[in-house]
Amino acid sequence: MEVQKGLFLLAAALITTATAANSIVNVTDLSISADNPVVQAGASGASVVDAVVNLIYHSCIFPEDYLFLRRLAYVETRDGTIPYTYDPNYYYAGIWRVSQPMFQSTQRFPVSAALQAKYRQIEDAFGIAWQNVQWHDLQKPLYSALAAMLYITFAERPVPSTSEEQGTFRQDLYRLSGSATNFTRSVEFWNGACSGTQQADVVFVLDSATSNENFKRMLEYVSSVVDGLTLDSQLIRVSLYQFGAGNLRNEFRLTSFNQVKSDILAAIKSASQMSGATAGTSDTGFFLRSALADAFKSTGRANAARILILVTDNQPSNTASMQEARNMAVAEGVSVFTVGVGTGAVLNSLATVATEPACDHQLRVDQFQHLKDIVQETQFKICKEPMMALGMIRCRLDQCRNVAFPMMSQQMTIRANTTCSSGNIYVSPRTPRPDQYFRDVADRILTTSADVASVSIIANSPYLYVTFLEATSSTSNCFALIEAVNGIPTTTQTPCTTDYPYPTTNPCLTVGRTVDRFPYPYSTSLFIQCDLQNGMYITHCPPDRPFFSQDCRYCVGANSPILSGCGTPVTTGYCGLPVNPCTVENLRNNRFFFACPTNDREYLQCDMWGGVFVQSCPINEVWRESALTCEVLPDVINPCNGVTRFFPYPKDPHKYIMCDNNQIPFVMPCPPNFVWDQPDTTCVPPGFTLSGDHPEYHIVIPATTQAPIVIGTGGIVSRGFAYPCTRENIAAERLYFPYAPDENKYIQCDLWGDAFLRSCQQGFYFFVESNTCV
């Protein structure tokens with residue numbers, strides 16, 4: 001899956017194509033549609049059971065059961081496929097075989113406070129009033145599973161972690177006539193590990209501040225998990241880190257050994273505990289941030305889920321540091337699972353860093369020797385975990401996996417289309433893996449790339465989950481394009497087949513063509529855009545530049561006069577460079593801008609198809625490659641001397657001069673109404689200097705628990721959820737980020753960790769891949 005927002009805009013937002021009628025589902029009313037198999041009497045099969053289990057585990061209603069609910073469905077009725085499962089003359093118990101006395105015990109009277117709390121949670125999550133459920137309703141898979149979990153939860157005995165002990169638990173409390181041995185043997189035939197072609201990059205991080213024996217058990221756990229996965233350099237890849245004694249060490253990377261399983265297992269077995277590691281590592285959050293910065297920086301794949309699994313028996317004491325690690329994981333699109341060894345206090349302390357919902361991303365065992373008991377559960381979670389989306393998704397149809405889009409508001413819309421083939425998108429805020437067996441809303445994508453599916457969700461959830469499933473198998477040249485946007489559309493686009501007919505001849509199929517835009521024969525306010533598969537799209541010019549210029553190959557207006565050759569791609573010389581810098585490798589790595597060696601007032605800009613254009617900076621500005629923008633040079637003698645980095649700007653007290661590592665000066669603005677204070681080398685309100693008396697006026701705003709909030713027009717963005725201007729991002733020169741509430745704006749970081757809200761020029765929006773307005 002690749003982040004390709006620009007390509008999607010051509011395919012959906014800028015073109016007037018036929019779109020499916022927008023479906024709006026309000027999931028805050030919680031009722032589950034009757035056409036979902038999970039609430040259809042008689043539904044069966046592994047996919048139905050997986051959908052039910054995913055729903056229940058993700059709801060966080062019940063305590064950890066170590067996959068007992070999932071295993072129980074297989075042992076009791078082979079996921080509902082045994083003939084007697086739904087025989088009305090025999091039983092009404094459903095897939096989980098909840099007998100009538102067992103069911104009646106879930107509706108005991110008087111209702112205890114604990115049971116009443118579970119009733120409320122079930123109604124809040126699924127819209128089911130459990131007091132009104134009858135035994136025959138258990139023929140619906142979700143009802144049967146809920147009855148089983150209620151019965152198990154109030155048995156006043158926690159579910160054990162091992163399959164052997166679970167067999168005894170079932171024999172004693174659930175199925176008195178059952179055999180513990182039969183349970184254990186049956187479970188061996190159920191495989192919950194990953195399969196298929198979905199990609200995942202899994203990084204294990206071990207806290208080595210423990211005994212040597214416990215560290216060996218950690219390695220045995222990692223080895224067992226890896227041994228059950230489908231390792232492949234193109235599918236699932238793994239990496240291993242350990243930290244202790246104040247250091248972080250990588251044992252092998254996601255690219256090591258070409259991910260040959262035998263070599264990976266040998267590397268895990270040979271890993272030695274860091275010397276000098278002692279119990280009670282001081283700052284787990286710091287080491288997690290270091291691992292996040294190192295593991296995925298250059299080896300992560302765009303179409304793979306990113307997963308980090310922390311294993312520790314220590315309670316992190318620095319909550320703020322753990323929160324920073326979690327924010328960094330969110331910003332990097334990484335799911336964090338924690339494996340806590342010891343008491344529940346360890347689990348609670350690790351909840352700060354676990355991905356939401358924390359209950360579905362935390363595992364716990366009492367002792368290190370029990371880590372082997374959660375191997376299958378770990379594999380199950382790796383298989384089900386969605387890819388965290390950082391923008392628009394472009395995935396090859398045979399590699400599309402479930403995706404999690406962060407919900408920035410209670411109302412979001414999912415838009416999707418394909419370059420060829422057809423399929424369905426399934427959307428839900430309630431399960432990380434929506435599909436035909438459970439979804440809150442779905443839409444069909446037709447075989448033409450001109451068809452755009454659009455569904456809207458109203459919900460209270462940290463993530464909106466989306467899965468695309470192809471209708472029929474096709475070639476690997478077909479791609480799906482999926483994007484989440486805030487809000488619900490109020491208008492529907494007019495089908496282009498009515499107002500804007502396509503020409504009979506496709507100019508994109510012209511032999512030897514060198515351009516990607518052509519005039520639209522029936523209107524000067526439209527043009528034809530070609531994609532990578534030579535498909536043509538009818539595209540609108542923006543309101544401020546309403547006419548397409550065939551000479552320029554751009555839309556122009558009163559403020560952008562037509563100039564000879566103004567938009568013709570460069571074909572030779574490349575502004576002093578020997579070859580076209582817009583290579584496939586550069587585009588895939590989001591490198592779209594390059595300096596012109598022959599003229600510092602010009603620069604080269606790539607489009608998404610490898611075309612390169614010479615662009616000019618505004619008057620009195622020059623191109624700065626390090627900042628990827630045009631900047632005004634100070635009209636004073638260069639003060640940079642290699643010793644002092646900051647100087648006042650003589651022309652304006654609201655600005656200052658910053659020297660980069662090459663002693664090149666940059667004019668930088670202070671926040672609104674602030675002035676530069678040279679003694680303290682920072683911006684302050686007029687009349688104040690920074691000292692111990694006025695710490696509140698420092699630019700760095702303290703952390704908050706709120707989402708980013710803008711203070712004044714163009715002012716500082718307060719620190720909050722997923723604050724982008726972290727030390728790690730600044731060190732990696734990641735200084736520009738999208739601003740979720742408004743795509744016409746973006747967040748720019750300075751080198752001190754402060755964030756400023758900037759606006760694109762009218763008619764432009766912030767393009768994540770090139771860090772600029774387009």
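Quick caveat: nothing in here was measured; it's all calculated off a predicted structure. The chain is numbered in sequence order, starting from 1.
Judged purely by distance below 3.5 Å, without hydrogens or angles, the side chains of Tyr86 and Ser44 never pair a donor atom with an acceptor atom. Of the N and O atoms on the side chains of Asp440 and Ser428, at least one donor lies less than 3.5 Å from an acceptor on the other residue. A donor-acceptor pair shorter than 3.5 Å can be found between the side chains of Tyr57 and Asp65.
Within the 6.0 Å centre-distance limit, the rings of Phe68 and Phe169 are counted as a close aromatic pair.
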Going through the distances and angles, do Asp201 and Arg237 end up as a salt bridge (charged side-chain N to carboxylate O under 4.0 Å, His left out)?
CA-CA 5 Å; Asp201 286 340; Arg237 307 185 305 180; 2.9 Å; yes

Under the salt bridge (charged side-chain N to carboxylate O under 4.0 Å, His left out) rule, what do Arg415 and Asp443 come out as? Steps first, then yes or no, please.
CA-CA 10 Å; Arg415 298 184 300 197; Asp443 202 355; over 6 Å; no

Should Glu64 and Val159 be marked as a side chain to side chain contact (heavy atoms under 4.5 Å, CB included) after you check the CA-CA gap, both sets of side-chain angles, and the distance that decides it?
CA-CA 8 Å; Glu64 171 66 60; Val159 178; over 6 Å; no

Kindly determine whether Asp79 and Thr81 satisfy side-chain hydrogen bond (donor to acceptor under 3.5 Å, both in side chains), including the steps that lead there.
CA-CA 6 Å; Asp79 296 340; Thr81 60; over 6 Å; no

So Ile152 and Trp96, side chain to side chain contact (heavy atoms under 4.5 Å, CB included) or not? Walk me through it.
CA-CA 12 Å; Ile152 293 167; Trp96 277 267; over 6 Å; no

Apply the test side chain to side chain contact (heavy atoms under 4.5 Å, CB included) to residues Val225 and Phe204: give CA-CA distance (whole Å), side-chain angles for both, the deciding distance (0.1 Å), then the verdict.
CA-CA 10 Å; Val225 172; Phe204 292 91; 3.9 Å; yes

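Under the ring pair (Phe, Tyr, Trp, His ring centres under 6.0 Å) criterion, His58 pairs with Tyr465, sequence neighbours left out. Every residue two or more places apart in sequence or in another chain was checked for a side-chain hydrogen bond (donor to acceptor under 3.5 Å, both in side chains) with Thr355, and none qualifies.
For the pair Ile382/Ile309, a side-chain contact is recorded, criterion being any heavy-atom separation below 4.5 Å from C-beta on.
Using a 4.0 Å cut-off between charged side-chain N and carboxylate O, Glu377 and Arg70 make no salt bridge.
With rounding to the nearest 0.5 Å, the separation of OG1 in Thr378 from OH in Tyr221 is 2.5 Å.
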